[in-house]
Amino acid sequence: MFAYDEVKVWDPWLRAFHWWLVAAFTLAYFTEDDLMTVHVWAGYVVGGLLVFRLLWGVIGSRHARFSDFVTKPTAALSYVREVFMGRARRYLGHNPAGGWMIIALLVMLVLTTISGLAVYGADEQAGPLAGLMVGVSERGEDFWEESHEFFANTTVTLVLIHLLGVLVESLLHKENLVRAMITGCKRGESTMSSLSSEQPKIRSRINPTSVASVALIFAVMTLLGVAVGSDDRAHINHDEVQRLQQAGEVLSLHVVIEKARALRDGHVIEAEFKSGRKALTYEVEILDEQGQVWELLFDAKSGEFLGESLED
């Protein structure tokens, strides 16, 4: 006969990370275009959370550390096989398959965040990667946009598999794992008054200095994301562009096109107004006599020539 006691498994910081990540990624995934500012804010929060999780995986509580749940791939495959046979062992922390799912999700989220920053820098000339993306070709922008979409959709696929795994394990071990991630507690087994040697009672030992340091880093990253996002002017509609032109805040498009033609001979095939966090610009594409397409960038306010690049 067994008596059951609840034991603390997931520390408050890990649980907060988990639910904040769910909210931020969901918000980012379903907001773009007219809600780009919200999308950017949510993306920065995801980035800050990932920095926190990588640190917490090293200095956090026992079951939050990577060393606790990252096993050999063969152990994960063996666990999956045992699940199908209905006799998989119960783990207090992440099981071997769940541990690898956590790693896969973190990798995909990091790639989604980095590719998103690249798109933001190339398309809007804003964000921390804006300097690296200056002069990127249209094909390059398309590459980053497609990569960002691929990584985001792959993350969603992994999330669905993760949820299926949570459901299966909850049914297999008759335990509400969603509730455990809310309360931090899971069922511990003991015979009469003493706990089983396989399921020792866990007391989370967290260094207060480490907690304060990680909390400060997380807060700074989140506030930085909000600050950057709040200054975003990436999506100005056609009427707003006309208002800026009429008010003399930006040059008219035909003036910039004439400047472009004076710099490079050829046929103007496209001219576009772009609004980034730090600058308002015009991008003019010219097809020269050799069939090459050049992208010329101008400051929209002064008409200053900012540079050019040759499309692939």
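What's counted below: heavy atoms across the whole structure, side chains too, no hydrogens, waters or symmetry copies.
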**Asked** Under 6.0 Å from the six-membered ring centre of Phe143 and within 45° of its axis: does the NZ or CZ of Arg139 meet both?
**Response** no
**Request:** For Leu129 and Tyr120, run side-chain contact (heavy atoms from CB on, under 4.5 Å): C-alpha distance rounded to whole Å, both residues' side-chain angles, the deciding distance at 0.1 Å, then the answer.
**Result:** CA-CA 8 Å; Leu129 298 186; Tyr120 193 44; over 6 Å; no
**Request:** Flag the pair Leu263 / Trp294 as yes when at least one side-chain heavy-atom distance between them is below 4.5 Å, and no otherwise.
**Result:** no
**Message:** Pair Tyr79, Thr71 - check side-chain contact (heavy atoms from CB on, under 4.5 Å), show working.
**Reply:** CA-CA 11 Å; Tyr79 180 84; Thr71 61; over 6 Å; no
**Asked** Is the backbone of Thr31 close enough, under 3.5 Å, to the side chain of His39 for a donor and an acceptor to pair up by distance?
**Response** yes
**Item:** side-chain contact (heavy atoms from CB on, under 4.5 Å) assessment of Leu27 paired with Trp41
**Value:** CA-CA 9 Å; Leu27 188 62; Trp41 287 15; over 6 Å; no
**Atom pair CD1 (Ile182) and CH2 (Trp19), whose distance is rounded to the nearest 0.5 Å** = 5.0 Å
**Prompt:** Can a salt bridge be assigned to the pair Arg179 and Glu6 using a cut-off of 4.0 Å between side-chain N and carboxylate O?
**Reply:** yes
**Message:** Over 60° means perpendicular and under 30° means parallel, so tell me whether Phe52 and Trp56 are parallel, tilted or perpendicular.
**Reply:** parallel
**Request:** Taking the side chain as every heavy atom from C-beta outward, state whether Tyr91 and Phe69 have any atom pair closer than 4.5 Å.
**Result:** no
**Message:** Any non-hydrogen side-chain atom of Lys8 less than 4.5 Å from a side-chain atom of Cys185?
**Reply:** yes
**Asked** Side chains of Thr155 and Tyr29: does their closest heavy-atom pair fall under 4.5 Å?
**Response** no
**Request:** Take the angle between the ring planes of Trp10 and His94 and call it parallel below 30°, perpendicular above 60°, tilted in between.
**Result:** tilted
**Message:** Assess the residue pair Arg53 and Phe66 against the criterion (side-chain contact (heavy atoms from CB on, under 4.5 Å)); give the C-alpha distance rounded to whole Å, side-chain angles, the decisive distance to 0.1 Å, and a yes or no.
**Reply:** CA-CA 10 Å; Arg53 185 62 183 96; Phe66 299 127; 4.3 Å; yes
**Message:** Tell me if a side-chain donor or acceptor on Lys186 pairs with a main-chain N or O of Met181 at a distance below 3.5 Å.
**Reply:** no
**Request:** Would you give the length of the straight line joining atom CG of Leu21 to atom CG of Leu50, rounded to the nearest 0.5 angstrom?
**Result:** 6.5 Å
**Message:** Using modelled atom types and a 3.5 Å cut-off, is there a donor and acceptor pairing between side-chain atoms of Ser78 and backbone atoms of Thr74?
**Reply:** no
**Message:** So does Ala300 get a backbone contact from the side chain of Thr281, meaning a donor-acceptor N/O pair under 3.5 Å?
**Reply:** no
**Prompt:** Atom CD1 of Ile286 and atom CZ of Arg261: how far apart are they, to the nearest 0.5 Å?
**Reply:** 7.5 Å
**Asked** CG of Leu109 to CG of Leu158: how many Å apart, nearest 0.5 Å?
**Response** 9.0 Å
**Fill in**
Here the gap from Ile102 atom CD1 to His18 atom NE2, rounded to the nearest 0.5 Å, amounts to 7.0 Å
**Asked** For atom CD of Glu149, is the number of surrounding heavy atoms from other residues, nucleotides or ligands below 6.0 Å larger than 12?
**Response** no
**Asked** Would a 4.5 Å heavy-atom cut-off, applied to side chains only, mark Val284 and Glu295 as touching?
**Response** no
**Message:** Working to the nearest 0.5 angstrom, can you tell me the gap between Lys259 NZ and Glu304 CD?
**Reply:** 10.0 Å
